[in-house]
Every structure is written in structure tokens, then in C-alpha cells.
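In what follows, a structure is listed as C-alpha cells, so that the remarks can point back to it.
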Protein chains: 2
Amino acid sequence: MTQDPRWLTEAEQRAWQAYRRMFLLLNAQLARDLAQDSGLSEADYDVLSALGASPDRRRRVSELADRMLWSRSRLSHHLARMQQRGLVVREECATDGRGAVVVLTDEGTRTIERAAPPHVESVRRHFIDLLSPEQIEVFATIGETVVGRLTEGDH
Amino acid sequence: MTQDPRWLTEAEQRAWQAYRRMFLLLNAQLARDLAQDSGLSEADYDVLSALGASPDRRRRVSELADRMLWSRSRLSHHLARMQQRGLVVREECATDGRGAVVVLTDEGTRTIERAAPPHVESVRRHFIDLLSPEQIEVFATIGETVVGRLTEGDH
DNA sequence: CCGTCTTAAGTGACACGTCAATCACCTGCC
DNA sequence: GGCAGGTGATTGACGTGTCACTTAAGACGG
């Protein structure tokens, strides 16, 4: 016999609802800003920015996927499109014949360097600057707690 | 001349990163649980649950879309699939010849009633129960602040 | 070395979401 | 009443994400 669930309290519902709505709206707004300012999708931005922060602007495909929490398949498809647009190129991996390395092209580099400032402003405007330092701190802690729980057991 | 952006401080970056990772992981986990427990996607669940909470288990299509923060188009496509599966039906609207009303079928009603308890447990396990009441409160406030800013100006 | 097992990456088919266009119907003004 | 413009809803085409599968290559015990 299944136990009756512990339904959410009013406060818990408020938090859960607010979270879901915040995500939907915030994400949509950031995507709009990003598209207008730089002609990029959030996915594009994330790939470019992860690569831009990588040593030598290059990274093994699966390393990139792990770091971004993307499936390999998703990344593979997306890289194909970005390569088409000239933002990245794939190279063979010297040390592992199966492997591939993605590299930011010059255009990719320019693109992310131009896109970053307005994107940061957008994140500030719609999120960060609305919160007090204390709220930022609590928020970070919450996120890390949840992430920690969800990734414990991963080696 | 564009001003140099105010890059995020370390604390701000922590919060932003934690948020993005939390969303990715939490969403994926909830979707996995939901699919295993009830064979539903999150989108399915959201529609069923919104309809289940509606008077008479029915709602005008665009009213539902607004309430869920979905585009009409998305909802229309999704309702088509759910109708195919027998979870909802569309009826004509008595008071507006253009309008349509979506209604939960008996099967849709049974489905959401069975799906809700394990989903709530899942939300608790991976999120709510990891936080203190104080954290829940701060989190709700943050969400509402951000949502409020993003929706101000909507009538 | 050889066969098996594992791992890196890409692929194809399908499900989903978005955007723009469409169609039917309502509303309001002359 | 009739028509000009707005609104509710759907549709089709397209871009993107997922899942299952394939291909190629490293790892490794015998």
C-alpha cells in the first residue's frame, strides 16, 4: 500500500512555483536579448563561452560535453551546425585516434568576445542586480546543495 | 562608445553557475522520475495538472496557455498529441465561436491523479527536502522578485 | 598478437518548440 | 448592416534535442 504523499506546504508551493516561472521567463528573456544583441542562441553562447575559457580555445568533444552537462549526441549535432557557420572546427586528436578536438575559429573567438559583454549585462539586469548580496549567497548555496545531491555517486 | 561591462563578481558567478547547473540536473532528474513512474513528460504533467486544477477540469485554450506561460502554438501542438493519446479532448466554446475548450478525459483524470503523488515525492527528494524553511522562504522571494520584474508592464 | 570489452564520436529517425502564415470569427465604427 | 481591424486557434516548415544504433579505435587478459 502506497503511503499518502506529503503534499507541499503553502510556502513550499510558493518556492516551487516561483522557481518554475522564474526559469521560464528568465530563460526566454535572456534568449531574446542574446538573439537581438548577438544573433546567437543560448546553446551557441554556452558552447562558445566554454571553448573560449578553455586552454588554447580547444577541447576534447566529450570533455566539453561533460563540462557543459550536455549529451554527446546533442553536442555533436550542435557542433555540426556551428562548424557549418564557421564558428568552430573539428580536428583529430593526436593522442587518441577515436577522439576529436573542437577548436574555436577566429570568427568564433570574435563572436564570443563581442557577445559576452551584452550577455553579462542582460544577466545582471534581469537577475543578479535584483538580488542583495545575502540573497546571492543563499541562492548559490541552495544551488550547490541541490547539484551536490544530484551528482553524488558520480565518479 | 560602449562602457566596459561590469563582469560578475566571484560570488555572483557562483550563484549564476549553480543556478544553471541546478536547473539542468534537476530538470533531467525530475523528467527521468516522471517518465519512469508515470510514462509522462514534464510537459504532459504540467498540462494535466493545470487542467486538473481547473473548474470542471476544463479551460479555454488560450487561458491555459497564458496560465502556463506557453505559446499558443506550443500548447496547440501538444494538445493534439495528448488528444491522440486520449488524455484530453477539445470542445467548441459556447460563447465564442473562435474559441476552443480543452477538457480532461476520464483517463486524463486518472493519469494525473496517479502521477501526482510520485512526482511530488520526486520534487521533495531532489529539491524541497534539501532546503531549510529559511532557504525556502528566501528562494521564493527571489523567484517572485525576478518574475515580478520580468512581468511588470504586462496588463 | 588475438579476441573481447569498453569508449569516443557521429548518425538517423523521431518528438518537440518556434515562427510565420492562415482561417474563422468577433468587435466596433460609419 | 457591412467592412476594417483585431483576436482565438491551428498548421506547416524548420531548427533543435533525444534515443538507439553504428563505426572506429583503444585497453587488456590470455
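Only heavy atoms go into these numbers, but all of them, side chains included; no hydrogens, no water, no symmetry mates. We name chains A, B, ... by the order of the sequence lines, and we start the count at 1 in each one. Quick caveat: nothing in here was measured; it's all calculated off a predicted structure.
Contact detail for L79(A) and V47(A): the closest heavy-atom pair is CD2-CG1, 4.1 Å.
Residue R67(B) places its CZ atom among 12 or fewer non-hydrogen atoms of other residues, nucleotides or ligands, all under 6.0 Å distant.
Note on S76(A): a base of the nucleic acid sits closer than 4.0 angstrom, heavy atoms only.
Side-chain nitrogen and oxygen atoms of R72(A) include none within less than 4.0 Å of the OP1 or OP2 phosphate oxygen of dT7(C). Residue R60(A) places at least one side-chain N or O under 4.0 Å from the OP1 or OP2 atom of dA9(C).
If you measure from atom CG of L75(B) to atom P of dC19(C), you get 16 Å, rounded to the nearest angstrom. Separating the CZ atom of R59(B) from the C1' atom of dA9(D) is a distance of 17 Å, rounded to the nearest angstrom. In this entry the distance linking CG of L64(A) with P of dG10(C) reads 11 Å, nearest Å. For the pair E91(B) CD and dG8(D) C1', the interatomic distance rounds to 17 Å; values are reported in whole Å. Counting to the nearest Å, the P atom of dC16(C) and the CE atom of M68(B) are 14 Å from each other. The interatomic distance linking E92(B) (CD) with dA9(D) (P) rounds to 12 Å, in whole Å.
Taking the charged nitrogens against the carboxylate oxygens, R57(B) and E113(B) do have a contact shorter than 4.0 Å, which makes a salt bridge. Using a 4.0 Å cut-off between charged side-chain N and carboxylate O, E152(B) and R149(B) make a salt bridge. Under 4.0 Å is where a charged nitrogen must lie from a carboxylate oxygen, and between E12(A) and R124(B) at least one such pair does. Classification of R14(A) and E137(B) as a salt-bridged pair holds, one side-chain N sitting under 4.0 Å from a carboxylate O.
Applying a 4.0 Å cut-off to non-hydrogen atoms, none of the residues of residues 24-32 of chain A approaches DNA chain D.
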Which nucleotides of nucleotides 14-26 of chain D have their base under 4.0 Å from a protein heavy atom (B), which only their sugar-phosphate (S), and which neither (-), written as one string 5' to 3'?
--SSBB----BBS
